Amino acid sequence: MVSTSIDRPDVFHDIAGTEIDVVERPLTAWQRIYDNGAVRKTVLLVVLALIWEVYARALGNPLLFPTFTDTLAALLSAIVSLELPEAAAYTLSLLIKGYLAGLAIAGVLTAFASVSRIGADLLQTLTAMFNPLPSIALLPLALIWFGLGDASVIFVLIHAVLWAVALNTFSGFRALSPTLKMVGRNYGLSSTGYIVWILIPGAFPSILTGLKVGWAFAWRTLIAAELVFGVSSGSGGLGWYVFENKNQLLIPEVFAGLLTVILFGLFVENIVFKTIEAKTVQRWGMAS
Amino acid sequence: MYSRRVSSDRQCASPHHCDSAQLTSSVNATSATEPLLSVRGVTLRYHTKDHLITATYRVSFDVLESDRFVLLGPSGCGKSTLLKAVGGYMQPVEGEMLLNGARIAEPGPDRAFVFQEFDQLLPWKTVRDNICFALTASGKLQRRDAVDRAMHYIDKVGLTKFAANFPHTLSGGMKQRVAIARAMASEPDILLMDEPFAALDALTRERMQAELLQLWEETRFTVLFVTHSIPEAIRIGNRILLLSAHPGQAKAEINCPGIDEVDAEGKPLSDRIQEMLFDRIVQQGEPENG
C-alpha cells in the first residue's frame with residue numbers, strides 16, 4: 001500500500017477571548033413587522049381594495065361594477081338596518097345545524113369503519129361514490145323529499161360535510177403510528193377511552209383537514225342553495241339577500257352581500273381554524 | 001415450584017463455566033424462587049401479505065424478580081416479536097406465557113413497554129402529562145397523586161426542567177428518558193424494553209445504559225430487554241437468552257457478570273456469545289460486529 005500520509009503537524013487554536021461582533025441580536029422592528037403574516041395579508045387586502053376603487057371609478061358604471069366605497073356604504077347601511085345581520089344569522093344557524101349533523105354522522109360511520117373491515121369497505125365505497133357528487137345537485141331531489149324549507153338545505157349540507165370529514169378522520173386513524181397505537185393499548189384504556197384519548201388526538205391533523213374541507217364545501221353549498229332555491233324556501237339567508245337585491249338592481253347591495261360571504265369565509269379560515277390549529281397541532285409539533 | 005416438561009434438562013451448577021453444549025439445555029439454576037414471568041415452549045407466527053412466518057419456535061425461559069433479562073439475537077430472530085407477545089399484543093400458537101402465574105391475554109399496564117421509536121410519547125401531552133396519563137388512564141391513581149409520582153420519576157431521569165415541554169421539543173435521548181420514566185412510574189410488574197437505545201447516537205447510548213443501571217440499583221425493577229448488540233447485552237443483562245436467527249430458537253441462557261469477562265482459556269465473553277450465536281469460532285483479536 002502506498003503511504004499517502006504527508007507529515008502534518010497537529011494544530012491547536014486558542015479561542016479564548018475572541019471578539020465576535022454579533023452572537024445574538026434582536027431583530028429590527030421592520031423585520032419583525034414583515035415576519036408577521038397577518039400584517040402582510042392586511043397590506044395585500046388594502047392594496048386589492050385600492051385597485052378595486054381605482055378600476056370602478058375609471059369604469060364609471062355603478063350598475064356593472066360599483067366602487068369599493070359605495071359597496072362599503074351599502075354594507076354599513078345594511079348592517080345598521082339589521083337586514084344583513086339577520087340574513088347572516090339565518091344562514092349561519094342553518095350552517096351550524098347541517099355541519100354538526102354531518103359531523104355526528106361522520107363520527108358514527110368512522111367508528112363503524114375503524115372497528116370492522118366491512119365498515120371500512122362501506123365507508124370507502126360510499127365516499128368514492130358520493131364525494132365527487134356536488135351537494136347542490138342533490139337539492140332538487142331534497143326539495144321533493146323534504147319539501148321547501150330548512151330540512152332540504154340541511155340535507156344537502158350534511159352531504160357536503162359528511163364525506164370529507166369521515167374520509168379524513170378514517171385515514172387519520174389509519175395513519176396513526178403503530179407504536180402510538182401499541183402505547184395506547186399498553187395504558188389499559190377502555191375501547192372508548194382508546195378512541196377518545198389516543199385515536200382522535202393522534203389523528204387530529206387529518207381530522208382538522210377534514211373539518212376545513214367540510215366547512216368550505218358546506219359554506220359554498222349553502223350560499224348556492226339559497227341563491228338558487230332561496231325564493232322557494234321563502235327564507236332570508238345571505239344568498240337570498242344577494243338574489244333579491246340583484247332583482248331590484250341594487251348592485252352595491254349585491255356586492256355588500258358577496259363581501260359578507262367572503263368575510264365570513266376569511267374569518268372562519270383565518271381566525272377560527274388558525275386558532276384551533278395553533279392551540280393543537282402546531283403546539284404539539286404535529287403540523288405537517 | 002413448577003414442573004418441567006423437558007426431561008433432558010440438566011442442572012448446571014455454575015453456569016459461568018458451562019460449555020455451550022450444556023448451556024443449550026440448561027435452565028435457570030436458581031429455580032428455588034417462583035419465576036415472575038414464565039415463558040414455556042412458545043411458538044409465535046404472524047402473517048405477512050403472502051407468507052406465514054414462524055418468528056420463534058418453542059422458546060422457554062423464566063424471568064425472576066429483579067432480573068435484568070436480555071433477549072439477544074441477530075435481526076430476524078423474533079426477539080421483538082417475543083417481547084410483543086409478552087406485552088400481550090399477540091398470542092402464541094403453541095406454549096404459554098404466565099405473569100405471576102396468570103396467562104397473558106392482552107396488553108395491560110402491569111407490563112410497561114418502552115419502544116425503540118422516538119414517537120412513542122403522545123405528542124399532544126407535555127412530558128409531565130404523558131406520565132400522569134399513564135397513571136390516571138388505568139384508574140391507578142388520582143390526578144393529584146399522579147402528578148406527584150410523575151414529577152418524582154421525571155426527577156429520577158433528570159428532566160425536571162423539561163416537565164412542561166411538549167415531546168417535539170426534546171432530543172431523542174430525552175424522549176427515551178421520558179418513555180423510561182413513564183414506564184417506571186406506573187410501577188409495573190415487569191418493564192419490557194424493545195431496543196430502547198438503538199436509535200440513539202453512540203455517546204448518548206452509553207450514557208443511557210449507565211443511567212438505566214443506576215435506576216435499577218435504586219429501585220430493583222424487573223426488566224426484559226431486547227437488543228441485537230452483544231456489548232449492550234453484556235452491559236445491561238444479568239442473564240442473557242441467546243436466540244438463533246429465523247426462526248428464533250433458544251440457543252443458550254447464560255449468566256452475565258456485567259463486564260466482558262475473560263474466561264480461563266483467555267476468551268472474552270463477547271467472543272463466546274458470538275460463537276454460540278453464529279456457530280463459528282472467533283479468532284483472537286477479530287473485530288467485533290456487535
Side-chain angles (χ1 to χ4, degrees), chain A residues 1 107 110 114-117 120-121 124 168-169 171-212 273-288, chain B residues 80 83-90 105-127 129-141 146 164-170 175-176 178-179 182-183 185-186 188 190-196 199:
Chain A
M1 204 172 80
T110 315
S114 47
V115 293
S116 77
R117 216 146 134 185
D121 293 342
Q124 279 164 342
N168 276 291
T169 306
S171 68
F173 284 1
R174 278 239 165 132
L176 190 61
S177 99
T179 315
L180 268 187
K181 286 183 182 164
M182 285 170 79
V183 167
R185 294 176 61 199
N186 197 202
Y187 279 144
L189 289 164
S190 64
S191 39
T192 357
Y194 178 68
I195 293 176
V196 172
W197 300 112
I198 305 292
L199 282 187
I200 290 180
F204 206 69
S206 309
I207 295 177
L208 201 59
T209 308
L211 291 178
K212 276 191 203 168
F273 280 117
K274 271 274 152 54
T275 312
I276 296 177
E277 212 160 56
K279 291 231 152 114
T280 57
V281 290
Q282 272 173 17
R283 188 147 171 258
W284 306 336
M286 289 168 84
S288 46
Chain B
S80 287
L83 197 70
K84 287 199 175 93
V86 175
Y89 295 109
M90 62 188 294
E106 55 177 16
D110 55 345
R111 286 146 288 143
F113 228 109
V114 179
F115 297 91
Q116 177 184 339
E117 292 82 8
F118 293 154
D119 68 352
Q120 61 185 302
L121 303 177
L122 308 180
W124 54 91
K125 289 188 181 293
T126 61
V127 166
D129 288 345
N130 254 288
I131 300 175
C132 282
F133 185 63
L135 303 172
T136 51
S138 52
K140 200 176 253 175
L141 285 182
N165 279 44
F166 281 94
H168 71 103
T169 61
L170 305 180
K175 284 180 195 165
Q176 294 308 82
V178 178
R182 175 173 69 183
S186 61
I190 186 166
L191 277 171
L192 307 176
M193 298 189 150
D194 189 3
E195 309 201 33

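None of the values given here were measured: they were computed from a predicted structure.
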Checklist entry - Looking at A:Gly188 and B:Pro109, what are the two nearest heavy atoms and their distance? => result CA-CD, 3.8 Å

Item to check | Close side-chain approach of A:Asn186 to B:Tyr89, heavy-atom, < 4.5 Å | outcome: yes

Next on the checklist: Less than 4.5 Å apart, side chain to side chain, heavy atoms only: is that true for A:Tyr187 and B:Arg182?
Outcome noted: yes

Checklist outcome for this item: Heavy-atom nearest pair, B:Leu122 first then A:Leu180, reads CD2-CD2, 3.6 Å

Checklist entry - What are the two closest heavy atoms between A:Arg283 and B:His168, and how far apart are they? => result O-NE2, 3.0 Å

Checklist entry - Given a strict heavy-atom distance threshold of 4.5 Å, which part of B:Leu121 is in contact with chain A: side chain, backbone, both, or neither? => result backbone

Item to check | Proximal component of B:Phe115, with respect to chain A [non-hydrogen, under 4.5 Å] | outcome: side chain

Checklist entry - Should A:Ile200 and B:Trp124 be marked as a side chain to side chain contact (heavy atoms under 4.5 Å, CB included) after you check the CA-CA gap, both sets of side-chain angles, and the distance that decides it? => result CA-CA 11 Å; A:Ile200 290 180; B:Trp124 54 91; over 6 Å; no

Next on the checklist: Please classify the contact of B:Asn130 with chain A as side chain, backbone, both or neither, using a heavy-atom distance under 4.5 Å.
Outcome noted: both

